[in-house]
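What follows is a set of notes on a single structure, which appears directly below.
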Protein chains: 2
Amino acid sequence: MISKACQYGIRAAIFIASRRNDGIKLNVKQIACEVDAPEAFTAKILQELNKHRIITSLKGPYGGFFIEEFQLEQPVINIVNAIDGMSVFKECGLGLKQCSASHPCPMHDQYKIARDALQNAFQQTSIRHLALQVNEGSSFINNLVLKN
Amino acid sequence: MISKACQYGIRAAIFIASRRNDGIKLNVKQIACEVDAPEAFTAKILQELNKHRIITSLKGPYGGFFIEEFQLEQPVINIVNAIDGMSVFKECGLGLKQCSASHPCPMHDQYKIARDALQNAFQQTSIRHLALQVNEGSSFINNLVLKN
DNA sequence: TTTATAAAAGATGGTTTTATCTTTTATAAA
DNA sequence: TTTATAAAAGATAAAACCATCTTTTATAAA
Ligand code: FES
Ligand code: FES
């Protein structure tokens, strides 16, 4: 549906948002660990999110990644756009070069419903909202580890 | 969303179904050409669909691919299952190892709506139904070629 | 039975995605 | 200014996916 890079990116952004307070900054190691993502790959993704101003970074000692107040209100779809682009929300479900109502594939009507629902899911949800859920303990950005 | 192999497979199956009449059989070249798919790759996919009894094949002269009456009623999700498997309809949208309501990711509720809509799209549509649309001329399994 | 035909099976190559490692740059504190 | 720290940038490696090519097998007609 969306790439692994994008999934890691969303989880990371939510985590950073969930830990936002005073001037605290998080480094790659902490972030990757907390969201169950490979560290070096996460670094690349965070770099990309910083370029797109989804999050903010600061180099050097006491540096790291953090999210600013104005960035919290962004919809999650901004992250998808930064990493995967918007094509998943536009492309034909059966792989035709163009998706259009005037030259539709046989599944166009049904597929479009699902595709639009997916777009709405990412469009109508802000990073702040998701971070809040995590802080409440009602949802999680890491895997459940089952005990013996 | 779904793999290219799967998209080609669905288009090919619909095409074969749309040409079903008497004992006519279609060969790979014709099918690949009509659905705008690479020929050798299409051969591999048709092979897989035959294994899963989505379509039927016969080797030798006057052989080729065709679809039997009882196969027409199958939902398109059977093709997705044969090629990609069912994981796309079960997996967490944010990449957690398990999608569950008891340990949900922050997007679980919204994502599940879209994912279920996608599953319904493929589950509630039969190959026959889509082939009929193509025969009516109301939808297409190949790309629109724009003239000068 | 021989021959031609078309799919099946198996081997191989290219591209994209996922992931890691090394070097460089920025920055804050000492 | 020096030093330590952490991200940025760039190079490289591994895996998955997309695609093609060659050899084998099945089958129908001559
Ligand atoms: S044309 Fe295929 S989904 Fe729109
Ligand atoms: S847990 Fe993420 S979609 Fe269900």
Side-chain angles (χ1 to χ4, degrees), chain A residues 1-13 16 23-33 35-68 80 82-85 87-88 91 94-95 97, chain B residues 1-13 16 23-33 35-68 80 82-85 87-88 91 94-95 97:
Chain A
M1 212 79 111
I2 64 177
S3 71
K4 281 194 165 198
C6 193
Q7 295 175 333
Y8 294 146
I10 295 173
R11 301 220 304 270
I16 294 167
I24 205 175
K25 299 179 195 74
L26 302 159
N27 63 34
V28 174
K29 179 166 266 185
Q30 291 175 279
I31 296 167
C33 178
V35 304
D36 281 343
E39 188 179 324
F41 194 30
T42 301
K44 279 290 175 213
I45 297 161
L46 291 172
Q47 205 174 311
E48 200 64 22
L49 293 183
N50 176 54
K51 272 184 197 160
H52 282 81
R53 309 206 184 270
I54 309 288
I55 58 176
T56 305
S57 72
L58 195 70
K59 289 184 182 179
Y62 299 82
F65 296 93
F66 58 102
I67 193 161
E68 299 181 74
V80 178
I83 296 172
D84 286 354
S87 52
V88 69
E91 284 172 349
L94 298 189
K97 283 174 191 166
Chain B
M1 210 79 114
I2 64 177
S3 71
K4 283 197 163 195
C6 194
Q7 295 176 332
Y8 294 146
I10 295 173
R11 301 221 303 272
I16 294 167
I24 205 176
K25 297 179 196 75
L26 303 160
N27 62 34
V28 173
K29 180 166 269 185
Q30 291 175 278
I31 297 167
C33 178
V35 305
D36 281 343
E39 189 179 322
F41 195 30
T42 303
K44 278 291 175 211
I45 297 160
L46 291 172
Q47 205 173 313
E48 200 64 23
L49 293 183
N50 176 55
K51 271 182 198 162
H52 282 82
R53 310 208 182 270
I54 309 288
I55 58 176
T56 305
S57 73
L58 194 69
K59 288 184 183 180
Y62 297 83
F65 295 93
F66 59 102
I67 192 162
E68 299 181 74
V80 178
I83 295 171
D84 286 354
S87 53
V88 69
E91 283 172 347
L94 297 190
K97 284 176 190 163

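First the proteins, then the strands, lettered A, B, ... as listed; each starts at 1. Heavy atoms only: backbone and side chains are in, while hydrogens, waters and symmetry mates are out.
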message: When you measure from the side chain of A:D84 to the backbone of A:S3, do you find a donor-acceptor pair of N or O atoms at a distance under 3.5 Å?
response: yes
- request: Hey, could you give me the CG/SG distance between A:L94 and B:C6, rounded to the nearest 0.5 Å?
  value: 9.0 Å
message: Measure CD/B:E39 against P/D:dC18 and give the value in whole Å, please.
response: 19 Å
Spacing of CG belonging to A:D36 relative to NZ belonging to B:K97, to within rounding of 0.5 Å: 6.0 Å
field: B:I2 CD1 - D:dC18 P separation (whole Å)
entry: 11 Å
query: Hey, what do you get for CD (B:E39) to CG (B:N27), rounding to the nearest 0.5 Å?
result: 8.0 Å
- prompt: In whole angstrom, what separates A:I54's CD1 from D:dA7's P?
  reply: 18 Å
query: Which is true for A:L26 with a 4.0 Å heavy-atom rule: it touches a base, it touches only sugar-phosphate, or it touches nothing?
result: sugar-phosphate
message: According to ring pair (Phe, Tyr, Trp, His ring centres under 6.0 Å), who are the partners of B:F65, at least two apart in sequence or on a separate chain?
response: none
- request: For C:dT18, take OP1 and OP2 only and decide whether either is under 4.0 Å from a side-chain N or O of A:Y8.
  value: no
message: Please confirm whether the shortest side-chain N or O distance from A:N27 to OP1 or OP2 of D:dA7 is below 4.0 Å.
response: no
Identify all side-chain donor-acceptor contacts of residues 52-60 of chain A below 3.5 Å with residues at least two apart in sequence or on another chain.
unit_1: A:H52; atom_1: ND1; unit_2: A:E48; atom_2: O; d: 3.1
unit_1: A:T56; atom_1: OG1; unit_2: A:E68; atom_2: OE2; d: 2.8
unit_1: A:T56; atom_1: OG1; unit_2: A:Q71; atom_2: OE1; d: 3.1
unit_1: A:T56; atom_1: OG1; unit_2: A:Q71; atom_2: NE2; d: 3.2
unit_1: A:S57; atom_1: OG; unit_2: A:N50; atom_2: ND2; d: 3.3

field: Length of the line joining B:I83:CD1 and D:dC17:C1', which is rounded to integer Å
entry: 13 Å
- prompt: CZ of B:R11 to CD1 of B:I45: how many Å apart, nearest 0.5 Å?
  reply: 9.5 Å
- prompt: Are the side chains of B:M1 and B:V88 in touch, meaning some heavy atoms are under 4.5 Å apart?
  reply: no
statement: The correct set of residues in residues 40-49 of chain B placing a heavy atom under 4.0 Å from DNA chain D is B:A40, B:F41, B:K44
task: Toss me the dot-bracket line for DNA chain C: Watson-Crick and G-U wobble, both under 3.5 Å, 5' to 3', using | for pairs to another strand and [ ] for crossers.
output: ||||||||||||||||||||||||||||||
- prompt: Who pairs with A:Y62 by ring pair (Phe, Tyr, Trp, His ring centres under 6.0 Å), at least two apart in sequence or on another chain?
  reply: none
Under 3.5 Å, which N/O atoms of the protein pair with N/O atoms of nucleotides 26-29 of chain C?
unit_1: C:dA26; atom_1: O4'; unit_2: A:K59; atom_2: NZ; d: 3.4

message: Nearest 0.5 Å, please: how far is NZ in A:K4 from CD1 in A:I83?
response: 14.5 Å
message: Considering every strand and a 4.0 Å limit on heavy-atom distances, what is the contact class for A:K29: base, sugar-phosphate, or nothing?
response: nothing
message: It should be established whether B:S57 places a side-chain nitrogen or oxygen under 4.0 Å from OP1 or OP2 of nucleotide C:dA8.
response: yes
